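Please read all numbers here as calculations on a predicted model, not as lab measurements.
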Amino acid sequence: MMKHHKNMRIPVLTDLEKEYKRIFRQYSSAHLDQAKSIQEIHTLVPEAASCLGTPEFCSQPEHFNSVATNLHERHFPADTDILVIPALRYAPAFLHSHSFFEVICVLNGSCNNIFLSGTFPMKAGEVCIVAPQTVHALSAFRDDCIVYNLAIRSSAFEKTFLDALPKDSILYLFFKKSLDLPGEKSCLYFKKPQDYELQKLILDMYDEMKQQRLYYGSFLNAMLALFFIQLLRSYEKDILFLHSQQKKQNENLIFILKYIENNYKTVTLKELASFLGYSERQMIRILKTYTGENFSSLIRSVRLAKACELLKYSDTRLAEIITETGYSNASHFNESFRRVYSLSPSEYRKQNRTGIS
């Protein structure tokens with residue numbers, strides 16, 4: 001097993017990787033390291049296409065990154081929510097999508113994550129969460145490149161990544177909408193120098209999947225929860241969000257959202273834009289582009305999420321909750337709450353009351 005330290009031992013190329021490397025060199029003019037459809041690869045280099053494996057990645061997980069154009073979580077083993085698969089070096093960079101979440105973890109070297117909107121280089125330590133239905137290709141064409149893919153059922157992703165975030169946080173609201181709704185095409189980049197605790201978790205998860213000891217499925221889910229907690233703890237300030245339709249990332253986006261969350265009671269659009277050095281028009285465009293909401297609706301979402309947490313988990317009186325969430329009068333609060341949740345605050349508390357003795 002590979003060691004989890006700075007001087008990671010580079011695994012020797014497998015027979016399949018050696019074959020891919022030979023094909024890549026022999027057909028250099030085909031540029032198999034650049035994103036192509038499987039049909040294009042078959043036309044250019046039939047020999048490469050014939051090595052692409054089968055869709056039975058439930059029994060051959062090592063072929064996960066080169067099996068089909070559309071991968072579906074129904075092919076997961078019945079008792080497994082997570083597959084941990086080393087990316088094949090020198091495999092043709094073919095465009096594909098999947099119905100589940102994919103987490104790309106670079107442990108050593110570098111690779112390219114290629115989307116329809118552009119190519120994003122990744123280096124050791126960086127992690128990318130790719131949402132379902134996002135078309136992309138992975139290009140890993142170096143001997144020293146060590147990349148692991150975590151394939152995660154959507155239900156398991158919500159129970160681990162999203163549940164690691166406070167439900168009343170703007171990041172939860174944003175990620176829930178951006179990553180967990182059908183039809184969205186987006187990804188998150190966690191950009192930071194190598195975190196060796198994360199590296200250890202990934203390698204231990206892979207070992208657990210290979211060993212398949214008693215209760216290994218449940219154990220993998222628990223390890224995945226730890227992985228996401230460590231990821232958010234170490235990288236939260238370094239998250240970049242990319243929508244598949246946007247040509248560039250907005251590196252201030254997470255900071256903008258956190259600023260709104262920390263100042264939601266009093267912040268104004270003018271103050272937010274001025275603090276970050278944008279015009280109000282620019283700020284409106286950024287929020288709409290990346291969240292699909294305007295400033296007012298974002299503030300309302302944060303305030304109501306805070307109210308829901310207080311209603312569920314505290315004995316705080318309704319009048320105090322209204323003040324605590326930044327509303328100026330009860331009628332406005334009640335109207336906003338009912339419009340979103342189709343319940344009055346009192347009805348919501350009665351139906352969702354939790355943990356109050």
Trainee: Which is it for Y327 and S336 under the side chain to side chain contact (heavy atoms under 4.5 Å, CB included) test, yes or no, and what are the steps along the way?
Mentor: CA-CA 10 Å; Y327 279 89; S336 295; 3.7 Å; yes
Trainee: Decide yes or no on side chain to side chain contact (heavy atoms under 4.5 Å, CB included) for R142 and R89, but give the supporting numbers first.
Mentor: CA-CA 7 Å; R142 290 175 47 157; R89 290 164 289 183; over 6 Å; no
Trainee: According to a 4.5 Å side-chain heavy-atom criterion applied to Ile, Leu, Val, Met, Phe, Trp and Tyr, with indirect links allowed, do V340 and L318 form part of one hydrophobic cluster?
Mentor: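 In one cluster: yes.
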Trainee: Any side-chain heavy atom of H96 within less than 4.5 Å of one from E102?
Mentor: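 Yes, their side chains come closer than 4.5 Å.
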Trainee: Check whether more than 12 heavy atoms from other residues, nucleotides or ligands sit under 6.0 Å from atom CZ of R233, and answer yes or no.
Mentor: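 It does not: R233 CZ has 12 such atoms or fewer within range.
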Trainee: May I ask you to decide whether E309 forms a salt bridge with K312, counting only side-chain N to carboxylate O separations under 4.0 Å?
Mentor: yes
Trainee: Salt bridge or not for K288 and E293, using N-O below 4.0 Å?
Mentor: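 Between E293 and K288 there is no salt bridge, as every charged N stays at least 4.0 Å from the carboxylate O atoms.
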Trainee: Less than 6.0 angstrom separating the ring centers of F101 and F161, yes or no?
Mentor: no
Trainee: Looking at K123 and E126, does any basic side-chain N land under 4.0 Å from a carboxylate oxygen?
Mentor: yes
Trainee: Could you tell me whether K21 sits above the aromatic face of F24, with NZ or CZ closer than 6.0 angstrom to the six-membered ring centre and within 45 degrees of the axis?
Mentor: no
Trainee: Within the 3.5 Å criterion, strictly below it, is a donor on E335 or S331 matched to an acceptor on the partner's side chain?
Mentor: no
Trainee: Other than I114, which residues form its hydrophobic cluster under the rule that side-chain heavy atoms must be closer than 4.5 Å?
Mentor: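 Its cluster mates, by chain and number: none.
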Trainee: Do N108 and C145 have side chains that approach each other closer than 4.5 Å (heavy atoms only, starting at C-beta)?
Mentor: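 Side chain of N108 against side chain of C145, heavy atoms only: no contact under 4.5 Å found.
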Trainee: Taking the side chain as everything from C-beta on, heavy atoms only, tell me whether L107 gets closer than 4.5 Å to L203.
Mentor: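 L107 reaches L203 side chain to side chain.
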Trainee: Is it true that, when you exclude R213 itself, more than 12 heavy atoms of the residues, nucleotides or ligands shown sit nearer than 6.0 Å to its CZ?
Mentor: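 Atom CZ in R213 is packed in, count exceeds 12.
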Trainee: Test F141 against C111 for side chain to side chain contact (heavy atoms under 4.5 Å, CB included), laying out the working first.
Mentor: CA-CA 7 Å; F141 280 74; C111 64; over 6 Å; no
Trainee: For the residue pair Y341 and F337, is the inter-centroid distance of their aromatic rings smaller than 6.0 Å?
Mentor: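 Centroid separation for Y341 and F337: below 6.0 Å.
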Trainee: Does S234 reach the main-chain N or O of L231 with its side chain, forming a donor-acceptor pair under 3.5 Å?
Mentor: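 Not at all, since once roles are kept as given, no pair shorter than 3.5 Å links the two residues.
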Trainee: Quick one: CE on M122 to NZ on K191, what's the gap to the nearest 0.5 Å?
Mentor: 7.5 Å
Trainee: State, yes or no, whether a side-chain contact exists between D143 and L13 at a heavy-atom distance under 4.5 Å.
Mentor: yes
Trainee: So, R338 side chain and L343 main chain: donor-acceptor pair closer than 3.5 Å or not?
Mentor: no
Trainee: Would S154 and E158 count as a side-chain hydrogen bond (donor to acceptor under 3.5 Å, both in side chains) here? Give the steps.
Mentor: CA-CA 6 Å; S154 295; E158 180 162 353; over 6 Å; no
Trainee: Check step by step if salt bridge (Lys or Arg N to Asp or Glu O under 4.0 Å) holds for K200 and E197.
Mentor: CA-CA 5 Å; K200 179 181 186 302; E197 290 186 43; over 6 Å; no
Trainee: Determine yes or no for a side-chain-to-main-chain donor-acceptor pair under 3.5 angstrom, with E40 supplying the side chain and S37 the backbone.
Mentor: yes
Trainee: What side-chain hydrogen bond (donor to acceptor under 3.5 Å, both in side chains) pairs are there with at least one residue in residues 27-36, not counting sequence neighbours?
Mentor: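 Residue pairs with at least one partner in residues 27-36: Y27-E47.
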Trainee: Between H136 and H98, what is the ring plane arrangement, given parallel below 30°, perpendicular above 60°, and tilted in between?
Mentor: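 Answer is perpendicular, since the angle exceeds 60°.
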Trainee: Kindly give the heavy-atom pair with the smallest separation between M283 and Y278, and that separation in Å.
Mentor: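 Minimum heavy-atom separation between M283 and Y278: CE-CD1, 3.4 Å.
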Trainee: Any donor-acceptor pair under 3.5 Å linking the side-chain atoms of Y259 with those of E271?
Mentor: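 On atom types as modelled, these side chains qualify, holding a pair under 3.5 Å.
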Trainee: Please answer whether the main-chain N or O of A156 pairs with a side-chain N or O of T160 as donor and acceptor at a distance below 3.5 Å.
Mentor: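 Present.
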Trainee: Check this for me: does any side-chain nitrogen of one of R317 and E320 sit under 4.0 Å from a carboxylate oxygen of the other?
Mentor: yes
Trainee: I'd like to check F227 versus L150 (side-chain heavy atoms, cut-off strictly below 4.5 Å). Are they in contact?
Mentor: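 F227 vs L150: side chains touch.
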Trainee: Checking the side chain of E347 only, and the main-chain atoms of S344 only, is there a donor and an acceptor separated by less than 3.5 Å?
Mentor: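 Yes, the answer is positive, given that a donor and an acceptor are paired below the 3.5 Å cut-off.
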Trainee: Look only at the side chain of S99 and the backbone of E73, and say whether a donor-acceptor pair between them is shorter than 3.5 Å.
Mentor: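 It does hold such a pair.
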Trainee: Centroid-to-centroid, F228 to F157, below 6.0 Å?
Mentor: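 Under 6.0 Å, so yes.
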Trainee: Spell out, as yes or no, whether a donor-acceptor pair under 3.5 Å connects the side chain of E17 to the backbone of T14.
Mentor: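 Between the backbone of T14 and the side chain of E17 there is a qualifying donor-acceptor contact (under 3.5 Å).
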Trainee: Below 4.5 Å, heavy atoms only, C-beta onward: do I41 and T43 meet side chain to side chain?
Mentor: no
Trainee: Does the S301 side chain pair with the main chain of S297, one donor and one acceptor, at a distance under 3.5 Å?
Mentor: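 Side chain of S301 to backbone of S297, a donor-acceptor pair under 3.5 Å: yes, one is there.
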Trainee: Step by step, would you call Y216 with T80 a side chain to side chain contact (heavy atoms under 4.5 Å, CB included)?
Mentor: CA-CA 9 Å; Y216 84 98; T80 304; 3.0 Å; yes
